[in-house]
Peer 1: 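Before anything else, here's the structure in question.
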Amino acid sequence: MAKPISIEVYNPNGKYRVVSTKSMPGTRWINLLIEQDCRVEICTQKKTILSVEDIIALIGDKCDGVIGQLTEDWGETLFAALSRAGGKAFSNMAVGYNNVDVNAANKHGVAVGNTPGVLTETTAELAASLSLAAARRIVEADQFMRAGLYDGWLPHLFVGNLLKGQTVGVIGAGRIGSAYARMMVEGFKMNLIYYDLYQSTRLEKFVTAYGEFLKANGEQPVTWKRAASMDEVLREADVISLHPILDKTTYHLINKESLATMKKEAILVNCSRGPVVDEVALVEHLKQNPMFRVGLDVFEDEPYMKPGLADMKNAVVVPHIASASKVKLIDT
Ligand SMILES: NC(=O)C1=CN([C@@H]2O[C@H](COP(=O)(O)OP(=O)(O)OC[C@H]3O[C@@H](n4cnc5c(N)ncnc54)[C@H](O)[C@@H]3O)[C@@H](O)[C@H]2O)C=CC1
Ligand SMILES: O=C(O)C(=O)CO
């Protein structure tokens with residue numbers, strides 16, 4: 001029997017009981033639920049990742065809906081528990097929903113929601129930040145400075161990769177991948193090569209128009225290419241950013257073989273989901289190729305990194321913070 005879990009309650013006499021497994025930013029979502037006659041219970045337990053047992057205890061005997069997080073395993077066990085408690089809706093506070101077994105939810109008559117579109121720019125901006133940090137060796141240089149090792153300017157000190165005129169490769173040119181591509185093309189005048197199951201006509205038009213603008217101003221125009229295979233992107237791009245969904249087709253999309261296909265001095269960025277990259281193979285590749293650099297927001301076994309990754313100077317690692325940005329507050 002799981003221990004009772006601490007909660008904060010809003011609108012205790014509401015007709016529908018809605019549980020949120022975590023406190024979330026702002027109050028607008030709470031007010032919206034209250035307007036719909038919901039009693040809102042927010043889990044305040046000081047534990048970053050709740051277990052299935054913890055969530056079953058939160059659901060209890062009567063629960064109409066749950067708002068959950070990407071760190072939780074929403075499969076058969078939880079949807080069965082929610083359905084037994086009378087639950088009809090589950091909302092994943094995330095764009096990616098690889099942690100949710102939608103078939104199990106359907107089987108138990110629970111509707112599933114996620115948050116597509118709200119993190120497009122913030123995630124693309126972090127991917128751009130990681131691309132720059134890796135290209136210009138920002139973290140290594142920062143550590144060198146703080147260690148008191150800087151004893152004067154030198155022509156070869158922390159030479160990195162100039163992005164202008166290089167090729168950016170995007171794998172998964174959906175909302176986030178396209179936003180990232182636009183930033184890199186427009187911001188750094190990079191050429192684009194992308195691979196996706198679908199054509200991104202808007203992105204192609206954007207690069208064409210920007211190329212024409214540059215040409216009209218006497219500058220080298222940028223170009224785009226839709227690759228027929230992922231390997232084409234891996235072979236040709238200097239910076240490769242991963243933005244597909246995580247499913248069976250993208251699990252370990254980047255593995256020993258695909259890493260070997262990339263340029264020796266390429267930069268790989270992952271802001272999608274950790275298991276898109278075989279992290280053990282990546283660590284080995286980083287060891288063998290010191291000029292190959294990587295920027296990672298997500299990891300295969302979050303919150304852990306595979307052995308050796310933390311020691312690699314050619315890796316920039318941040319703890320899944322692509323969504324962690326503030327916009328002008330609308331409700332305080
Ligand atoms: N690091 C973070 O904090 C965040 C990560 N994400 C991740 O980013 C992912 C993408 O988000 P969006 O761009 O909004 O989704 P989206 O659905 O607009 O784009 C995903 C793209 O991947 C493509 N794709 C699917 N399978 C593929 C394959 N086998 N090969 C190549 N392309 C493939 C799809 O056709 C689609 O264009 C989410 O599913 C989520 O996992 C999203 C938000 C924040
Ligand atoms: O929304 C998502 O998919 C995230 O990864 C949020 O950080």
Side-chain angles (χ1 to χ4, degrees), residues 21-22 24-25 29 48-49 67-74 90-100 102 112-131 133 169-184 192-204 225-234 237 240-255 258 261 268-279 294-300 302-303 305 316-327:
T21 62
K22 281 273 173 282
M24 298 188 292
W29 65 279
T48 305
I49 302 180
I67 303 173
Q69 302 294 325
L70 62 87
T71 45
E72 298 156 7
D73 181 9
W74 279 86
F90 168 71
S91 185
N92 203 40
M93 197 202 101
V95 178
Y97 54 93
N98 51 287
N99 61 312
V100 181
V102 178
V112 172
N114 69 332
T115 62
V118 300
L119 301 179
T120 300
E121 300 298 324
T122 183
T123 307
E125 283 184 15
L126 190 84
S129 311
L130 289 173
S131 305
V170 172
I171 294 170
R175 285 176 295 254
I176 299 170
S178 292
Y180 167 82
R182 288 194 301 269
M183 287 175 195
M184 302 309 283
L192 171 69
I193 180 166
Y194 78 93
Y195 176 70
D196 197 298
L197 310 178
Y198 301 95
Q199 183 173 14
S200 185
T201 317
R202 281 177 66 187
L203 178 58
E204 293 172 3
K225 175 157 126 184
R226 180 181 177 203
S229 67
M230 186 181 79
D231 272 12
E232 208 177 319
V233 176
L234 301 180
I240 295 157
S241 197
L242 306 172
H243 298 286
I245 57 164
L246 170 62
D247 66 5
K248 283 190 197 122
T249 70
T250 60
Y251 175 79
H252 282 191
L253 199 63
I254 301 299
N255 51 33
S258 42
T261 310
L268 176 69
V269 171
N270 189 11
C271 287
S272 60
R273 283 289 183 267
V276 171
V277 176
D278 176 346
E279 212 170 290
V294 72
L296 300 174
D297 182 46
V298 288
F299 303 86
E300 204 172 341
E302 281 181 37
M305 285 188 277
V316 178
V317 289
V318 295
H320 203 146
I321 56 166
S323 59
S325 65
K326 280 190 280 187
V327 286

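Counting convention: from 1, in listed order, for ligands and their atoms alike. Because only heavy atoms are used, hydrogens play no part in the values below, and waters and symmetry mates are left out as well, while side chains stay in.
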Peer 1: Nearest heavy-atom pair of Val233 and Ala227: which atoms, and what distance?
Peer 2: CG2-CB, 3.6 Å

Peer 1: If you take the nearest heavy atom of each of Gly96, Pro116, Gly172, which one is closest to atom 32 (N) of ligand 1?
Peer 2: Gly172

Peer 1: Where the side chain of Ser178 meets the backbone of Ala173, is there a donor-acceptor pair that is under 3.5 Å apart?
Peer 2: yes

Peer 1: Tell me which part of Ile176 gets within contact of ligand 1: side chain, backbone, both or neither, using heavy atoms under 4.0 Å.
Peer 2: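 Ile176 to ligand 1: contacts from backbone and side chain alike.
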
Peer 1: With no hydrogens and no angle check, is any side-chain donor or acceptor of Lys22 less than 3.5 Å from a backbone partner on Thr48?
Peer 2: yes

Peer 1: Would you mind listing which atoms of ligand 1 come within a distance below 4.0 Å of any non-hydrogen atom of Thr250?
Peer 2: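 Listed by number with element: 26 (N), 27 (C), 28 (C), 29 (N).
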
Peer 1: Identify the heavy atoms of Ala179 and Thr120 that sit nearest to each other, and give their distance.
Peer 2: CB-CG2, 3.8 Å

Peer 1: Looking just at side-chain N and O atoms, do Glu125 and Ser325 make a donor-acceptor pair shorter than 3.5 Å?
Peer 2: no

Peer 1: Please round to the nearest 0.5 Å and tell me the distance separating atom OG of Ser258 and atom CG of Asp231.
Peer 2: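 Reported value, rounded in 0.5 Å steps: 7.5 Å.
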
Peer 1: What is the nearest protein non-hydrogen atom to atom 25 (C) of ligand 1, stated with its residue, atom name and distance?
Peer 2: Ile245 CG1, 3.9 Å

Peer 1: So, regarding Asp247 and ligand 1 (criterion: nitrogen or oxygen to nitrogen or oxygen, under 3.5 Å), is there a contact or not?
Peer 2: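 No: no nitrogen or oxygen of Asp247 is under 3.5 Å from one in ligand 1.
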
Peer 1: Could you tell me whether a side-chain N or O of Asp297 sits under 3.5 Å from a main-chain N or O of Ala322, the two making a donor and an acceptor?
Peer 2: yes

Peer 1: Give the numbers and elements of all ligand 1 atoms closer than 4.0 Å to a heavy atom of Tyr198.
Peer 2: 35 (O)

Peer 1: Out of Ile245, Leu242, Val298, which residue meets the side chain to side chain contact (heavy atoms under 4.5 Å, CB included) rule with Val276?
Peer 2: Leu242

Peer 1: Starting from atom 16 (P) of ligand 1, what is the nearest protein heavy atom, named by residue and atom, and what distance separates them?
Peer 2: Arg175 NH2, 3.8 Å

Peer 1: If you have a sec, work out which protein heavy atom is nearest atom 7 (C) of ligand 1 and how many Å separate them, to one decimal?
Peer 2: Ser272 O, 3.7 Å

Peer 1: When you compare the side chains of Thr249 and Asp247, does any donor N or O come within less than 3.5 Å of an acceptor on the partner?
Peer 2: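 There is such a pair between these side chains.
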
Peer 1: Provide, to 0.1 Å, the distance between atom 10 (C) of ligand 1 and the closest protein heavy atom, together with that atom's residue and name.
Peer 2: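 Scanning the protein heavy atoms, the shortest distance from atom 10 (C) of ligand 1 goes to His243 O, 3.5 Å.
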
Peer 1: Report the nearest protein non-hydrogen atom to atom 35 (O) of ligand 1: residue, atom name, distance rounded to 0.1 Å.
Peer 2: Asp196 OD1, 2.6 Å

Peer 1: Of all the heavy-atom pairs spanning Met24 and Met93, show the shortest one and how long it is.
Peer 2: SD-SD, 3.2 Å

Peer 1: Hey, does the side chain of Asn92 reach the backbone of Ala94 with a donor-acceptor pair shorter than 3.5 angstrom?
Peer 2: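 No; judged by distance alone, with no hydrogens or angles, the pair does not exist.
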
Peer 1: So which protein heavy atom does atom 26 (N) of ligand 1 come closest to, and at what separation?
Peer 2: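 Protein heavy atom at minimum distance: Leu197 CD1, 3.7 Å.
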
Peer 1: Ligand 2: which protein N/O atoms lie under 3.5 Å from its N/O atoms?
Peer 2:
| unit_1 | atom_1 | unit_2 | atom_2 | d |
| --- | --- | --- | --- | --- |
| ligand 2 | 1 (O) | Val95 | N | 2.6 |
| ligand 2 | 3 (O) | Val95 | N | 3.2 |
| ligand 2 | 3 (O) | Gly96 | N | 2.9 |
| ligand 2 | 3 (O) | Arg273 | NH2 | 2.7 |
| ligand 2 | 5 (O) | Arg273 | NH1 | 2.9 |
| ligand 2 | 5 (O) | Arg273 | NH2 | 3.4 |
| ligand 2 | 5 (O) | His320 | NE2 | 2.7 |
| ligand 2 | 7 (O) | His320 | NE2 | 3.3 |
| ligand 2 | 7 (O) | Ser323 | OG | 3.0 |

Peer 1: Would a distance-only check, ignoring hydrogens and angles, find a side-chain to backbone donor-acceptor pair under 3.5 Å from Asn99 to Gln69?
Peer 2: yes

Peer 1: Taking the minimum heavy-atom distance to atom 1 (N) of ligand 1, which of Leu253, Asp297, Ile171 ranks first?
Peer 2: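 Of the listed residues, Asp297 has the closest heavy atom.
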
Peer 1: Return the residue, atom name and 0.1 Å-rounded distance of the protein heavy atom closest to atom 22 (O) of ligand 1.
Peer 2: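 Of every protein heavy atom, Pro244 CA, 3.4 Å lies nearest to atom 22 (O) of ligand 1.
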
Peer 1: Counting only heavy atoms closer than 4.0 Å, does ligand 1 sit against the backbone of His320, its side chain, both, or neither?
Peer 2: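 The side chain, only.
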
Peer 1: Excluding sequence neighbours, so at least two apart, what forms ring-ring contact (aromatic ring centres under 6.0 Å, His included) with Phe90?
Peer 2: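 With sequence neighbours excluded, Phe90 shows a ring-ring contact (aromatic ring centres under 6.0 Å, His included) to Trp74, Phe79, given in chain and number order.
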
Peer 1: Of the protein's non-hydrogen atoms, which lies at the shortest distance from atom 5 (C) of ligand 1, and what is that distance?
Peer 2: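 Going by distance alone, atom 5 (C) of ligand 1 is nearest to Cys271 O, 3.2 Å.
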
